[in-house]
Colleague: 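Pasting a structure below so you can have a look.
Chain identifiers are assigned alphabetically (A, B, ...) following the order of the sequence lines, protein sequences preceding nucleic acid strands; residue numbering begins at 1 within each chain. As the structure is a computational prediction, the values presented were derived from the model and not from experiment.
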Number of protein chains: 2
Amino acid sequence: MVADTSETTARGSAGAATCTPSLTAAPLGEAEAVALARVLSALADPVRLRLVSIVSAAGEVCSCDLEGPLARSQPTVSHHTKVLAEAGILVGEKRGRWTWWRLSPGCLADLRQALGG
Amino acid sequence: MVADTSETTARGSAGAATCTPSLTAAPLGEAEAVALARVLSALADPVRLRLVSIVSAAGEVCSCDLEGPLARSQPTVSHHTKVLAEAGILVGEKRGRWTWWRLSPGCLADLRQALGG
DNA sequence: GGCTGATATCGATCGTTGTCAATAGGATAC
DNA sequence: GTATCCTATTGACAACGATCGATATCAGCC
């Protein structure tokens, strides 16, 4: 048990950058631009950038360990994790009372590629 | 001649992502996060993404050739080019009555690297 | 000089978003 | 069951940003 209790990812929302064509290749279509902008918007916040870097460095982080380093209230931290999860950047897993967050594998790589990598 | 008539770049504003450490390496500092967020914010808009992709595909584009493809008014296009220039993503050069825009060399590569490349 | 055309700025509007206090939801411990 | 703890949601407010019409600035032409 434990395994996959309930992937809080909200995968249904944004497909992330998962098959975005390169920015620098050809003129972006309207829909592609909107999809890419959604992922970039999720990252375009200092608090969320630091949140992602903390998760990335630690591999896996509990929500309760984010309030301190980010110097934000619990609702605000919850809000930011939700935004990042809806963008497909973070994956949340509930274990008991705690929610553990980790990076969605390949997401940042996809984003880099969309940026002309 | 011609050369550098007047680099409208507004280089004085944001240093771009020019020496941002990797997001995935260590926890980002406050200032670094703010700097990176500024560049990402500039890109986190569908209109600006398409603008960048148009410039990237064409190499160099006149302002007057952006209104049509972007389906936005002239003041709005001017606003977006200004935002991108202040973020260090676009470089503008005035030649006569026209302003020509091109990508700031290395900027996107720097950004990709900051994203953990 | 004045006229025309390209771009930038100003002002206003309106939707979005970051933030927190208060509250609700859920899981564990007693 | 009740208490306790962690997380999510709600509601409100302030700040930001995308957009456009009107106007200003500036370069070239007559």
Colleague: Sequence neighbours left out, what passes salt bridge (Lys or Arg N to Asp or Glu O under 4.0 Å) with B/Glu30? Give chain and number order.
Modeller: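 B/Glu30: salt bridge (Lys or Arg N to Asp or Glu O under 4.0 Å) contacts with A/Arg50.
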Colleague: Going by the side chain to side chain donor-acceptor pair (under 3.5 Å) test, which pairs reach into residues 53-62 of chain A, not counting sequence neighbours?
Modeller: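 Applying side chain to side chain donor-acceptor pair (under 3.5 Å) to every pair that reaches into residues 53-62 of chain A, excluding sequence neighbours, yields A/Glu60-A/Arg95.
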Colleague: Sequence neighbours left out, what pairs pass side chain to side chain donor-acceptor pair (under 3.5 Å) with at least one residue falling in residues 61-71 of chain A?
Modeller: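 Matches after skipping sequence neighbours: A/Ser63-A/Trp101.
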Colleague: Suppose we screen for side chain to side chain contact (heavy atoms under 4.5 Å, CB included). Which residues come up paired with A/Ser41, at least two apart in sequence or across chains?
Modeller: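 Only B/Ala44 meet the side chain to side chain contact (heavy atoms under 4.5 Å, CB included) criterion with A/Ser41.
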Colleague: When the C1' atoms of the five terminal pairs at each end define the local axes, what inter-axis angle does the helix from C/dG1-D/dC30 to C/dC30-D/dG1 show, to 10 degrees?
Modeller: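 Helix axis angle between the two ends: 20°.
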Colleague: Not counting sequence neighbours, which residues clear side-chain hydrogen bond (donor to acceptor under 3.5 Å, both in side chains) with A/Thr76? List them please.
Modeller: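 By the side-chain hydrogen bond (donor to acceptor under 3.5 Å, both in side chains) rule, A/Thr76 matches A/Ser73.
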Colleague: My understanding is that a hydrophobic cluster links ILVMFWY residues whose side chain heavy atoms are under 4.5 Å apart, including indirect links. Using that, what else belongs to the cluster containing B/Trp100?
Modeller: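 Once heavy-atom contacts under 4.5 Å are chained together, B/Trp100 belongs with B/Trp98.
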Colleague: At a heavy-atom distance below 4.0 Å, what parts of residues 55-69 of chain A sit against DNA chain C?
Modeller: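 When residues 55-69 of chain A is checked for heavy atoms under 4.0 Å from DNA chain C, there are no hits whatsoever.
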Colleague: Which other residues end up in the same hydrophobic cluster as B/Val83, if Ile, Leu, Val, Met, Phe, Trp and Tyr are linked when side-chain heavy atoms come under 4.5 Å apart?
Modeller: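 Noted: B/Val83 shares its cluster with no other residue.
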Colleague: Choose from C/dA8, D/dA8, D/dA18 the nucleotide whose nearest atom is closest to any side-chain atom of B/His80.
Modeller: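 It is D/dA18.
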Colleague: Collect all protein-nucleotide pairs involving nucleotides 21-30 of chain D in which both atoms are nitrogen or oxygen and the distance is under 3.5 Å.
Modeller:
none

Colleague: Residues in side-chain hydrogen bond (donor to acceptor under 3.5 Å, both in side chains) with A/Thr24, at least two apart?
Modeller: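 So A/Thr24 forms a side-chain hydrogen bond (donor to acceptor under 3.5 Å, both in side chains) with A/Ser22.
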Colleague: Quick one: list whatever passes side-chain hydrogen bond (donor to acceptor under 3.5 Å, both in side chains) with A/His79, sequence neighbours left out.
Modeller: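 By the side-chain hydrogen bond (donor to acceptor under 3.5 Å, both in side chains) rule, A/His79 matches no residue at all.
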